[in-house]
Number of protein chains: 2
Amino acid sequence: MRMTAQRKAILDTIRKLKTHPTADELYSIVKQFMPRISLATVYRNLEMLASEGYIKRLNLGGAEQRRYDGNPEHHYHVICLNCGQIGDVYLDEDLDINSHIIHSDEFLINKVHLEFWGLCPDCSKNLQKKEGKVHEH
Amino acid sequence: MRMTAQRKAILDTIRKLKTHPTADELYSIVKQFMPRISLATVYRNLEMLASEGYIKRLNLGGAEQRRYDGNPEHHYHVICLNCGQIGDVYLDEDLDINSHIIHSDEFLINKVHLEFWGLCPDCSKNLQKKEGKVHEH
DNA sequence: ATAAGTGCAAAGACTTTGCTTATTA
DNA sequence: TAATAAGCAAAGTCTTTGCACTTAT
């Protein structure tokens, strides 16, 4: 994998972000300092960087669009029910989900994907005051 | 919600299926006995039926397309890494994931989405013989 | 020098919407 | 008979691809 200017810009940018951007979000950011970059290049590089393990492609069930994570370390995510913002979740090693399975249609299970939904700090603060309703997700 | 012939056909069909069909799959099936039905009607009815609680809209991270489940009962899913087939998973009530969270970016967590990946009975049988490789997912 | 990558535009896949006609309650 | 839904086609979103040009090694 060649380290082109575009690829480096994308990797540096996603690493700096604590968010979990979509291709399009990243494109908007990188375009500010590399105006000729194309969205296709961003898509291609995100896939490439993910397949090489530099970043992670997220498969969040709750998200409409595909997102990527500049932190390839093993961890989970929480999606804000109100605004869609995504946070990181770390679990301890003691969790054993498989021992709680009582039926699995005879499938051999070999990995578990976990994702959390809740309220981000901002939204939980705001909703406390307003006692408002949380969006459906 | 009016019970139209189309809506009934869609609901009856998805209830009979043990699979977790996409709108398009359901459309193909229903069209066989109701040839004038349109794909838009299938999409609209699946969303409507899901919002009324008759069926469930699945948000599987691993799936490319949106899927629906004729069984609205609370349960989880397992996706075959090899063929994409989806099975049902039931867990016992003792599982407490929240107590294993060691960091959550200050989000208030209120639900957990779980999904399993593995091999369906057919694929695990076949792969045992061939010692073949499992597809990436 | 050459294989790999870029930009652009077009095509794809999936889903939603607008509008007219049909139908249920 | 009036509000809801269907059918059809068009439009929308997000993502991928083809191709000619460029660039890192």
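Spacing between atom CG of A:L60 and atom C1' of D:dC14 amounts to 16 Å, rounded to whole angstrom units. Between the CG atom of B:L39 and the C1' atom of C:dT17 there is a distance of 13 Å, given to the nearest Å. Atom CD1 of A:I10 and atom P of C:dG5 are 12 Å apart (whole Å). Atoms CD1 (A:I37) and P (C:dG5) sit 14 Å apart, rounded to a whole Å. Atom-to-atom, CD of B:Q65 to C1' of C:dG12 comes out at 12 Å; the value is rounded to the nearest Å. Between B:L26 atom CG and C:dT15 atom P there is a gap of 12 Å when expressed in whole angstrom units. The distance from atom CG of A:N45 to atom C1' of D:dT15 is 15 Å, rounded to the nearest whole Å. Put simply, CZ on A:R7 is 8 Å from C1' on C:dA4, counting in whole angstrom units.
Projected onto DNA chain D by closest heavy-atom contact, B:A40 and B:M48 fall at different nucleotides, the more 5' of which corresponds to B:M48. Nearest-nucleotide mapping onto DNA chain C: of B:E47 and B:M1, the residue sitting toward the 5' end is B:E47. Projected onto DNA chain C by closest heavy-atom contact, B:A23 and B:T4 fall at different nucleotides, the more 5' of which corresponds to B:A23.
Taking only side-chain nitrogens and oxygens, B:R44 never comes nearer than 4.0 Å to OP1 or OP2 of C:dT15. Remark: A:Q6 is not in phosphate contact with D:dT23, judged by side-chain N or O atoms under 4.0 Å from OP1 or OP2. Between B:Y43 and C:dT16 there is no side-chain N or O to OP1 or OP2 distance below 4.0 Å. In terms of phosphate contacts, A:R66 brings no side-chain nitrogen or oxygen within less than 4.0 Å of OP1 or OP2 of C:dC14.
With C:dT6, D:dA6, C:dT17 as the choices, the nucleotide that has an atom nearest any side-chain atom of A:T41 turns out to be C:dT6. Listed nucleotides D:dA5, D:dC14, C:dG7 differ in distance to A:R36; the shortest reach to its side chain belongs to C:dG7.
Residue side chain B:R2 does not reach the base of C:dA25 through any donor-acceptor N/O pair under 3.5 Å, judged by distance alone.
Note that CG of B:L91 and NE2 of B:H75 are 11.0 Å apart. Values are rounded to the nearest 0.5 Å. The CD1 atom of B:I37 sits 11.5 Å away from the CD1 atom of B:I29 when rounded to the nearest 0.5 Å.
A salt bridge does not link A:K56 with A:E73: none of the charged nitrogens is closer than 4.0 Å to a carboxylate oxygen. Using a 4.0 Å cut-off between charged nitrogen and carboxylate oxygen, B:R66 and A:E64 do not count as a salt-bridge pair.
Residue A:D24 is classed as having no contact, given no heavy-atom separation below 4.0 Å to the nucleic acid.
For the pair B:R67 (side chain) and B:L58 (backbone), a donor-acceptor distance under 3.5 Å is absent.
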